[in-house]
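Nothing fancy with the numbering, it's 1 onward along the sequence.
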Amino acid sequence: MGNNEPVCIADEVPFEIPESWEWVRLSTVNEMYVGNSINETEKKQKYTGLNDGYYYIGTKDIEFNHTINYDNGVRIPYGLNKFRIARKNSILMCIEGGSAGKKIAFINQDICFGNKLCCFYSLGVNHMFLYHYLQCPVFQSVFKENTTGIIGGVSVNVLKGLYIPIPPIEEQKRIVDKLQELLPHIEHYDKNEAFLGKLNTNFRDQLKKSILQEAIQGKLVPQNPNDEPASVLLKRIREEKQRLIKEGKIKKDKHESVIFRRDNSYYEKLDGIERCIDNETPFEIPSSWEWVRLGTIYQHNTGKTLNSANCSGKLMTYITTSNLYWNRFEIDSLRKMYFSESDTEKYTVTKGDLLVCEGGDIGRAAVWSYDTDIRIQNHIHRLRSYIKLCTEFYYYIFYLYKHAGWIGGKGIGIQGLSSTTLHSLLLPLPPLEEQTRITKQINLLFSSLKTL
C-alpha cells in the first residue's frame, strides 16, 4: 500500500457526525506548541519584579474554573526570541502532571508560557468551538486514554494526532451561541447541586453530633431506676484497682481523683484538697451518673518507641497512628520490630481495648475488635478498663469531644493528649446497663442516617 493511499479510521473516531461535518486531526486546524521552562533561580533573578514585558503563565496560574492569574510577578522582556509567544485568542491547556487535561483557559492577550502548557492557535476554526470541545467528556476521555508516564501527560505530538469534528463555520457559531446561552444555567445547577451535596454531608455530621450530645448527657434513652447506679459501679472499679495494686500488677495512683456532688455542685478531692469543678464539666448529666477522670476507670499507656538499634527479643508486627482511623484499622501492610518478653504485655492490644491517637489527628480513636492481638508503637494510647465497661460508649465520647472541638480545638481546648492529659480527661460514667442501651441506640440511629 502506498503512503498516499487512504486509510480507514472508523475505529479511531469516537462518535458519528453529520454528513456536513468532517473529522480532522487537531494539528490540521491549529498551530500547536508548548512553551519554555525557566528554572526558579533564573526566574527570580531575571524575570521577577519587572514593570514591562509579556506575562509568563505557568500551570499554577491557570485555575480549574478556566480563569488565569496574569499578574503573578513574572514577566518576559519584549524581544527575547528564545521564548515562544501564545497569541491573543489562543487556548492554553495543561498537558503534563496532575492537572493534565483539566486546566484549560482562553487568553485575552499575547503572553509567554511554560513547557507543561500547550498553545492552540486556531487556523480558521471558531476558537470558542475549539475551547468547548477540549472540555467535553468525549475529548477528555480520549485524552486520558493517551496519558502516559509516571507524572502523567500527553505529548504535544500525540495531541496533534487526536481528532476533532469540524462542522460548517456557521454551525460552529450556532453551537457556541447555544452553549453560551445554556452554560450559565448549567453552572447555576452545578452550584446548587454542590451546595445540596455539602448540605447533605454537613446535615449528617451535625445530626451525628446532636445524637452523641444527647447520648452523653443521658437524654437519648430513659434512665432505668433498676440499673445499678454509677456510684456503685465506680466503687467496684476502685475495689478492683486496689486488688491489682495489692497484687503488684499496677502502681498506686499518687494523685487519685475523687469527684462528688455537694450543694448542686461538683467537687474534686485531689492531693487532700477539695475544689469546685463546675467550670470544667462541659454539660449536665443525670443524677444516677458520675463524673470521673479517665485514669480512674481506664488503665492506659502508650506504645513502644521504635529503635532500629534494638535487635533483642522477638520480631513482631505493630501498628502506628497511620493504621488507626475513626472506628476502623487499615492493617493490610504492617511493619515489625523487636519486643522483649518483659514489654510485650505492656504494648500488646487485645480485643476490646480502646486505642487513641496521641498526636497527628489528636483524639482519633477505634476499638480493637479483632481476635488476634497486636502491638502498638508510641503515639498511640492503649485504654483498658479495670472492670467491664461498654468501651464503644467511650469511643463515641472521644468522637464527640474531637468533633465538638473539645480535644484539639476550642471549648475544653485540649491541644495534645499526653499521658498526663489523657489521665485527667473528664468523662461521664453512666450505669453499665445504660452505657449498653445508649450504644445500641446510637448504632441504630447512625445506621438509619446512611439511608438519608
Calculate, to the nearest 0.5 Å, the distance between atoms [atom1] and [atom2] belonging to [X] and [Y] respectively.
{"X": "T436", "Y": "L389", "atom1": "OG1", "atom2": "CG", "answer": "9.5 Å"}
{"X": "I211", "Y": "Q213", "atom1": "CD1", "atom2": "CD", "answer": "12.0 Å"}
{"X": "I62", "Y": "K103", "atom1": "CD1", "atom2": "NZ", "answer": "7.0 Å"}
{"X": "N72", "Y": "R75", "atom1": "CG", "atom2": "CZ", "answer": "9.5 Å"}

| task | Test side chain to side chain contact (heavy atoms under 4.5 Å, CB included) on I216 and Y396 and set out the steps. | result | CA-CA 9 Å; I216 69 170; Y396 282 127; 5.8 Å; no
Less than 4.5 Å apart, any side-chain heavy atom of [X] and any of [Y]?
{"X": "T321", "Y": "N323", "result": "no"}
{"X": "E280", "Y": "R275", "result": "yes"}
{"X": "N226", "Y": "E433", "result": "no"}
{"X": "L355", "Y": "R382", "result": "yes"}
{"X": "L425", "Y": "R293", "result": "no"}
{"X": "L417", "Y": "H381", "result": "yes"}
{"X": "T348", "Y": "I374", "result": "no"}

I'd like to know if [X] pairs up with [Y] as an ion pair, taking the criterion as any Lys NZ or Arg NE/NH1/NH2 lying under 4.0 Å from an Asp or Glu carboxylate oxygen.
{"X": "E345", "Y": "R384", "value": "yes"}
{"X": "K346", "Y": "E341", "value": "no"}
{"X": "E247", "Y": "R243", "value": "yes"}
{"X": "R328", "Y": "E330", "value": "yes"}
{"X": "E392", "Y": "K440", "value": "no"}
{"X": "K254", "Y": "D271", "value": "no"}
{"X": "E274", "Y": "K269", "value": "no"}

[X] side chain to [Y] backbone, donor-acceptor under 3.5 Å:
{"X": "S385", "Y": "I387", "answer": "yes"}
{"X": "H66", "Y": "I104", "answer": "yes"}
{"X": "S155", "Y": "V158", "answer": "yes"}
{"X": "T439", "Y": "Q435", "answer": "yes"}
{"X": "D353", "Y": "T350", "answer": "yes"}
{"X": "D361", "Y": "R364", "answer": "no"}
{"X": "D61", "Y": "I57", "answer": "no"}
{"X": "T67", "Y": "E63", "answer": "no"}
{"X": "Q377", "Y": "T305", "answer": "no"}
{"X": "Q140", "Y": "L134", "answer": "yes"}

Within 45° of the ring axis of [Y] and under 6.0 Å from its six-membered ring centre, is that where the NZ or CZ of [X] lies?
{"X": "K208", "Y": "F446", "value": "yes"}
{"X": "K314", "Y": "Y338", "value": "no"}
{"X": "K43", "Y": "Y56", "value": "no"}
{"X": "R84", "Y": "Y33", "value": "no"}

Contact summary for [X] and [Y], nearest pair of heavy atoms:
{"X": "Y401", "Y": "P282", "result": "OH-CG, 4.3 Å"}
{"X": "Y318", "Y": "K336", "result": "CE2-C, 3.5 Å"}
{"X": "C390", "Y": "L432", "result": "N-CD1, 3.8 Å"}
{"X": "K241", "Y": "I250", "result": "O-CD1, 3.8 Å"}
{"X": "P431", "Y": "D227", "result": "CB-CB, 3.9 Å"}
{"X": "G58", "Y": "L117", "result": "C-CD1, 3.9 Å"}

Trace of the side-chain hydrogen bond (donor to acceptor under 3.5 Å, both in side chains) decision for S288 with Q223: CA-CA 8 Å; S288 59; Q223 279 73 54; 5.4 Å; no
Show which side-chain atoms of residues 229-237 pair as donor or acceptor with protein atoms under 3.5 Å away, not counting sequence neighbours.
from, atom 1, to, atom 2, distance (Å)
R236, NE, E228, OE2, 3.3
R236, NH2, E228, OE1, 3.0

Any chance you could lay out the side chain to side chain contact (heavy atoms under 4.5 Å, CB included) test for L159 and M32, step after step, and finish with the verdict? CA-CA 9 Å; L159 197 61; M32 298 170 60; 3.7 Å; yes
Under a plain distance cut-off of 3.5 Å, with no hydrogens placed, do S418 and T421 share a side-chain donor-acceptor pair? yes
Ignoring hydrogens and geometry beyond distance, is a side-chain donor-acceptor pair present between N115 and N36 at under 3.5 Å? no
Review point. Should the pair W23 and Y163 be assigned to parallel (<30°), tilted (30 to 60°) or perpendicular (>60°) ring geometry?
Key: perpendicular
How are the rings of Y399 and W326 set relative to one another: parallel (under 30°), tilted (30 to 60°) or perpendicular (over 60°)?
perpendicular
Verify whether the ring centers belonging to [X] and [Y] lie closer than 6.0 Å.
{"X": "Y47", "Y": "F83", "value": "yes"}
{"X": "Y394", "Y": "Y298", "value": "yes"}
{"X": "W406", "Y": "F398", "value": "no"}
{"X": "F120", "Y": "Y133", "value": "no"}

Set out, in order, the CA-CA distance, both residues' side-chain angles and the distance that settles side chain to side chain contact (heavy atoms under 4.5 Å, CB included) for I245 and K251, then state yes or no.
CA-CA 6 Å; I245 292 170; K251 294 181 180 179; over 6 Å; no
Sorted by chain and residue number, the side-chain contact (heavy atoms from CB on, under 4.5 Å) partners of S265 (sequence neighbours excluded) come out as Y267, C276, D278
Could you go through residues 365-373 and list every donor-acceptor pair under 3.5 Å that involves a side-chain atom there, pairing it with any protein atom two or more places apart or in another chain?
from, atom 1, to, atom 2, distance (Å)
W368, NE1, T372, O, 2.9
D371, OD1, K351, NZ, 3.0

*Could you walk me through whether I319 and R375 pass the side chain to side chain contact (heavy atoms under 4.5 Å, CB included) test, one step at a time?*
CA-CA 6 Å; I319 61 173; R375 270 63 48 196; over 6 Å; no
| Counting only heavy atoms not in I151, do more than 12 fall under 6.0 Å of its CD1? | no
Practice task
For atom NE2 of H300, decide whether the heavy atoms of other residues, nucleotides or ligands shown that lie under 6.0 angstrom number more than 12.
Solution key: yes
